[in-house]
2 protein chains.
Amino acid sequence: MPSISKENYIKAVYSLCQNDAHSVSTSALATKLNITNAATSDMAKGLSKQGFIKYEKYKGVSLTPKGEKTAIEIIRKHRLWELFLMKSLELGWEEVHSEAEHLEHQTTEFLMNKIDDFLGNPKFDPHGEPIPQKDGTIPNMEAQISLNKSQVGKEYLVKRVNDESKEVMDYFTEIGLNLNSKIKIKNFLKYDNSTIIELNDNVHSFSEKIGKRIFISQLNE
Amino acid sequence: MPSISKENYIKAVYSLCQNDAHSVSTSALATKLNITNAATSDMAKGLSKQGFIKYEKYKGVSLTPKGEKTAIEIIRKHRLWELFLMKSLELGWEEVHSEAEHLEHQTTEFLMNKIDDFLGNPKFDPHGEPIPQKDGTIPNMEAQISLNKSQVGKEYLVKRVNDESKEVMDYFTEIGLNLNSKIKIKNFLKYDNSTIIELNDNVHSFSEKIGKRIFISQLNE
DNA sequence: TTGTAAAGTTAAGCATACTTAAACTTGAAT
DNA sequence: ATTCAAGTTTAAGTATGCTTAACTTTACAA
Ligand SMILES: [Mn+2]
Ligand SMILES: [Mn+2]
Ligand SMILES: [Mn+2]
Ligand SMILES: [Mn+2]
């Protein structure tokens with residue numbers, strides 16, 4: 001039962017440990033959480049004392065099993081809320097993330113399980129992210145690569161997108177890029193590592209930064 | 001955009017001013033909010049400086065127009081959440097209050113209006129309380145009296161109940177007392193001011209304290 | 001009118017979650 | 001090995017939202 005700040009901290013440790021190694025620097029956390037380095041170090045002590053994280057000075061932070069369980073519970077709430085808001089209120093996939101970011105901290109297990117059952121115990125959220133199940137297990141995603149790692153000339157299906165920027169999600173919606181959209185890789189620009197694709201007979205380009213946040217799987221002919 | 005503590009304070013001022021006069025004592029607030037007198041006085045200074053309440057030492061607290069607007073917005077969120085959870089997830093009327101108590105502080109105007117529209121802009125919540133509308137107006141309730149003020153021998157319809165105690169709401173559910181249940185007043189016990197009623201061919205009694213929290217209207221024959 | 005109990009406020013202190021500024025590690029280049 | 005910049009931590013301070021303990025005001029009964 002950590003505070004909202006602590007829940008967000010734990011969630012940040014979890015997601016930053018996904019990509020990189022098995023630990024995060026305090027400064028990476030500071031950037032993600034939009035607080036100072038000093039605050040991040042400070043917080044690390046508290047969470048460490050409470051057994052949520054492992055923290056050695058100058059060595060970064062990682063989650064204990066207790067911390068990981070907590071992170072997964074919060075992420076479950078986040079993703080179920082997103083799906084629920086879309087299914088029950090017809091919000092757009094670009095609108096649900098910011099609402100879920102708040103609701104995730106104010107939802108009882110009881111309510112969450114009601115929502116889970118209402119949705120039929122779904123495995124994926126509206127952005128293609130797996131929804132941690134009641135028992136804590138996380139559904140497997142089929143093999144995916146980021147747009148940057150794709151091959152020119154091949155066709156792919158969009159399987160997952162990072163939803164953190166509403167601005168970017170709005171743009172996806174505007175150009176008609178959705179989950180399971182079919183895209184064809186036209187080219188990579190050496191100049192800035194952007195990717196040129198074809199989508200619904202239109203040509204679009206994505207910066208390297210955005211390309212890293214679109215995940216695709218190869219279309220089997 | 002007050003904090004959660006401040007929102008709860010403002011809401012408490014609003015609801016305690018409804019019954020009594022046009023101001024509340026700091027100690028009444030302390031009881032309601034389950035914090036000390038000292039904290040309540042302290043908080044009053046802050047909210048007063050921010051223009052939500054009028055506060056004169058030793059004279060109690062009342063809402064300014066700005067404070068009242070804020071209170072009504074929170075109450076709107078609370079009651080819409082309650083209805084929404086019942087309608088969309090089939091929670092019981094005894095289960096929704098405590099969930100709404102938290103969700104009310106984490107809901108954007110945007111989401112609230114979506115929920116309001118989904119529900120068809122309802123006028124009353126599951127316990128018979130009026131739901132403040134988008135424009136801030138509060139629907140009128142038809143004339144009601146509390147169970148204590150009823151007349152022996154007459155028949156009434158249950159029109160509104162106070163939902164603050166889950167324990168009591170569970171009991172209502174158990175005996176089949178709902179909104180629009182028909183009851184007949186059998187007797188008042190002088191001994192403890194409890195009320196004896198007939199409901200669905202069964203006889204029940206309610207303490208004075210509970211009787212004050214059940215609101216009824218006379219059944220016109 | 002005054003004494004006193006109850007009601008209410010102020011003072012001092014604590015925990016949380018932050019800030020800025022200063023001090024310290026670390027590691028990689030010389 | 002030495003240096004030094006980047007990364008990280010500590011120290012000191014602030015605002016919020018509480019607590020307990022001491023003090024002040026009020027009301028009203030004698
Ligand atoms: Mn999300
Ligand atoms: Mn969050
Ligand atoms: Mn309620
Ligand atoms: Mn509340």
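Within every chain, numbering begins at 1; the chains are lettered A, B, ... in the order of the sequence lines, protein sequences first and strands thereafter. In this text the structure is predicted, and so the values were computed from the model without any measurement.
Rounded to whole Å, the distance from CD on B/Glu56 to C1' on D/dT26 is 15 Å. Atom NZ in A/Lys49 sits roughly 12 Å away from atom P in C/dA17 (whole-Å rounding). At whole-Å resolution of the value, CE in A/Met43 and P in C/dA15 are 16 Å apart. Residue A/Asn37 contributes atom CG, which lies 14 Å from atom P of C/dC18 at whole-angstrom precision. In this structure, CD1 of A/Ile4 is placed 13 Å from P of D/dG17, rounded to the nearest angstrom. As rounded to whole Å, 11 Å separates atom P of D/dC18 from atom OH of B/Tyr9. In this structure, A/Tyr58 places its OH atom 18 Å from C1' of C/dA28, rounding to the nearest Å. Following rounding to the nearest Å, A/Lys59 (NZ) and D/dT9 (P) show an atom-to-atom distance of 11 Å.
Few gaps surround CD on B/Glu208; more than 12 heavy atoms of other groups in view lie less than 6.0 Å from it.
Aromatic pair B/His97/B/His78: ring centres closer than 6.0 Å.
Within the nucleic acid shown, A/Ser25 comes within 4.0 Å of sugar-phosphate atoms alone, with no base atom in reach, counting heavy atoms only.
The A/Ser3 side chain lies nearest to C/dA17 when the options are C/dA17, D/dT10, D/dT20. With C/dT9, C/dT10, D/dT8 as the choices, the nucleotide that has an atom nearest any side-chain atom of B/Ala38 turns out to be C/dT10.
With DNA chain D read from its 5' end, the first of the two nearest nucleotides for B/Thr36 and B/Gln50 is the one closest to B/Gln50. With the nearest nucleotide of DNA chain C identified for both B/Ala39 and A/Ala39, B/Ala39 has the one nearer the 5' end.
For A/Lys57, a side-chain nitrogen or oxygen approaches OP1 or OP2 of D/dT10 to under 4.0 Å. OP1 or OP2 of C/dC18 lies within a sub-4.0 Å distance of a side-chain N or O belonging to A/Ser5. In this structure, B/Lys45 reaches the C/dT10 phosphate: one of its side-chain N or O atoms is under 4.0 Å from OP1 or OP2. Side-chain nitrogen and oxygen atoms of A/Lys6 include at least one within less than 4.0 Å of the OP1 or OP2 phosphate oxygen of C/dA17.
Considering A/Asp192, A/Thr195, A/Ile196, A/Asn187 as possible partners of A/Ser205, the one that fulfils the side-chain contact (heavy atoms from CB on, under 4.5 Å) test is A/Ile196.
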Donor-acceptor contacts under 3.5 Å from residues 118-130 of chain B side chains, at least two apart:
unit_1	atom_1	unit_2	atom_2	d
B/Asn121	ND2	B/Asp116	OD2	3.2
B/Asn121	ND2	B/Asp117	OD1	3.1
B/Asp125	OD1	B/His127	N	2.7
B/Asp125	OD1	B/Gly128	N	3.1
B/Asp125	OD1	B/Glu129	N	3.0
B/His127	ND1	B/Glu82	OE1	3.0
B/His127	ND1	B/Asp163	OD2	3.1
B/His127	NE2	B/Trp93	O	2.8

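Side-chain atoms of B/Lys77 never come within 3.5 Å of backbone atoms of B/Met112 as a donor-acceptor pair (strictly under, hydrogens ignored).
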